[in-house]
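This report refers to the structure that appears directly beneath it.
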Number of protein chains: 2
Amino acid sequence: MTQVRPMRADARRNYERLLEVAVEAFAEHGENASLDDIAKRAGVGSGTLYRHFPTRQALLEAAFVDRLEGLAAKADEFAAELPPAAALTEWLNELCVATIQVRGLKALLGSAVTDGSSATVTACGVTVRGAATRLVDAAKKEGTLRPDIEPIELLRLAHGLATASELADGQGREIRRYLSLLTEGLRP
Amino acid sequence: MTQVRPMRADARRNYERLLEVAVEAFAEHGENASLDDIAKRAGVGSGTLYRHFPTRQALLEAAFVDRLEGLAAKADEFAAELPPAAALTEWLNELCVATIQVRGLKALLGSAVTDGSSATVTACGVTVRGAATRLVDAAKKEGTLRPDIEPIELLRLAHGLATASELADGQGREIRRYLSLLTEGLRP
DNA sequence: GCGATAACCGGGGACTGTCTCCGTTTGGTG
DNA sequence: CACCAAACGGAGACAGTCCCCGGTTATCGC
C-alpha cells in the first residue's frame, strides 16, 4: 500500500510540514480550523494541501494518528495492571476525556464509529476498535459485562457520554459520574 | 415583554412567512440550512430575516417552539397514564427519537441544555426542563430513580444517547436499547 | 554531470454562505 | 392625505472551500 515509487523529497517535506501545522491549528481552532489557513501557515498553496489530504477528514485523521495509537496503547496498559472491568471503565474514561479535551479529536472519533456500512472503515477506526475489543472481550470472559454488548456500541456510548459531559461544563468534569451511571444504572 | 406598539402589518406578515419557510428549510436541510436561502424563499431580503431573527439560534428556536411544546405535553400524558418510572423512560425515548428524526432539532435541544451559566436560558430550554423536572420528581418520590440525579443531567444524557444512536444507524433504531442500558447498567 | 519528463507546486478564481449597512418604500396616524 | 418612524431589500465586504492549470523541480537513465 506504500508508494511504488517513494515520495519525492519536496513532497514529503510539504506533507510533514502540513501535518505539523495541522496539529497546531486543530488544537487551536478545533475541527473547523480553516484549511486554506493551514496551507498558508505551512507555506504551501492550498492546492498542495488538497492534493495530500483530499478531505478535512483525511487531514484530521493523519494529524491524530499518534494520539489515537497512544490511546490504544493505554488500553493494553490498563489491561495489564487492572482487573478487566476496571480496565474497561478506566479506558473509557480516558477516551471520553480525550474526546472532550483534545480539540478536533471529537469529530474524528465520531466518524470513526459511525455506521459507514463496512466501506470506509478509517484507519483510526481500526485502531480504536481493536483496543476496545480486547478490553470488552476480557470483561465478558470475566463475567462483569453483559455478553450482548458490542465493542463498537460501547465506543458510541462513550462518544455520547462525552457529548453529554461537554454540554454540562465543556470540560469533562462530569465524565466519571456519567460513566458510573452507565455501568450501574439509574436505579437506586 | 410583548411589543409596546403592535407589529406593523407587513412586519408580521414577513415574520410569519419566514417562520413557515424556516420550518420547511430546516426539515429539508437540517440545522445548517442557508439563511439567505430561507429569506429568498420567503420573498424577503436577508436584512429582513436578520432583523427578525438576529441569530440562527433565534430562528431555530422560533421554528421549533410548537414541537417542543408538543413534547412537553406528551410528558404530562405519559405521567397521567403510566407509573412514574415508565413515564420517564417512555418520555426520554420520545425525546431521543425527536432529537434524531426531526432535522435541526438536535442543535436546538443541545444548546437548550448546555451549561450557559444561568444567563441565556432560552425559552425552549425552560419548556423542556420543566417537563423533565415533573417526571423526575415523580420517579424519585416513587423511589425508582436515584435521588442524586438532576433533571438537566438526564436531558444531557438523553442528548448523548441520541448522539450515540445516531452514530449507529442514523435513524434511532438503537435508542430503546441504549436507554435500557442506561437504566439498568452494564452489568449482567 | 546532464537533459527529459513525470511529479509536484501554488495561487488565482468560482462558488457558497454570513451578516451589515444604508437608501428606499410603506403602513398607520393625526 | 401627508408625514415619519418603522420596516424593507439587496448590494457588498468578508470568509471559507475546493479545483484547475501554467510553471517549476526532483529524479532517473544515460
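In what follows, every chain begins at residue 1, and chains take the letters A, B, ... in the order their sequences are listed.
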Give me each pair satisfying side-chain hydrogen bond (donor to acceptor under 3.5 Å, both in side chains) with a member in residues 27-44 of chain A, each pair once, sequence neighbours excluded. none

Given atom CG of B/Leu59 and atom P of C/dC19, what is their separation to the nearest angstrom? 12 Å

Return the value, rounded to whole Å, for the distance between atom CG of B/Leu18 and atom C1' of D/dG9. 12 Å

Looking only at C/dG28, C/dC19, C/dG10, the nucleotide nearest the A/Thr48 side chain is C/dG10

Go through B/Arg156 and A/Glu174 one step at a time and tell me if the salt bridge (Lys or Arg N to Asp or Glu O under 4.0 Å) criterion holds. CA-CA 11 Å; B/Arg156 288 178 185 144; A/Glu174 299 292 321; over 6 Å; no

In whole angstroms, how far is the C1' atom of C/dG28 from the CE atom of B/Met7? 16 Å

Counting distance only, does the side-chain N/O of B/Trp91 pair as donor-acceptor with the main-chain N or O of B/Leu71 below 3.5 Å? yes

So does A/Ile149 get a backbone contact from the side chain of A/Lys140, meaning a donor-acceptor N/O pair under 3.5 Å? yes

By nearest nucleotide on DNA chain C, pick out whichever of B/Asp37 and B/Arg13 is the more 5' one. B/Asp37

Any donor-acceptor pair under 3.5 Å from A/Ser165 side chain to A/Leu161 backbone: no

Rounded to whole angstroms, how far apart are CG on B/Asp36 and P on D/dG12? 15 Å

Is B/Tyr50 near enough to C/dC19 that one of its side-chain N or O atoms lies under 4.0 angstrom from OP1 or OP2? yes

Under 4.0 Å between a side-chain N or O of A/His52 and OP1 or OP2 of C/dC8? no

Between CD1 of B/Ile38 and C1' of C/dT18 the distance, given in whole Å, is 13 Å

For B/Arg8 and D/dC8, what is the distance between atoms CZ and C1' respectively, to the nearest whole Å? 8 Å

At 4.0 Å (heavy atoms only), tell me whether B/Asp10 reaches a base, stays on the sugar-phosphate, or touches nothing. sugar-phosphate

How would you label the contact of B/Arg51 with the nucleic acid (heavy atoms, under 4.0 Å): base, sugar-phosphate, or nothing? base

Does A/Asn14 reach a base, just sugar-phosphate, or nothing at all? Heavy atoms under 4.0 Å. sugar-phosphate

What's B/Ser34 touching, base or sugar-phosphate or nothing? Going by heavy atoms closer than 4.0 Å. sugar-phosphate

What is the separation between atom CG on B/Asn32 and atom P on C/dC19, rounded to the nearest whole Å? 11 Å

Under 3.5 Å, is there any donor-acceptor pair linking the side chain of A/Ser46 to the base of C/dG12? yes

Interatomic distance, B/Leu35 CG vs C/dT16 C1' [rounded to whole Å]: 13 Å

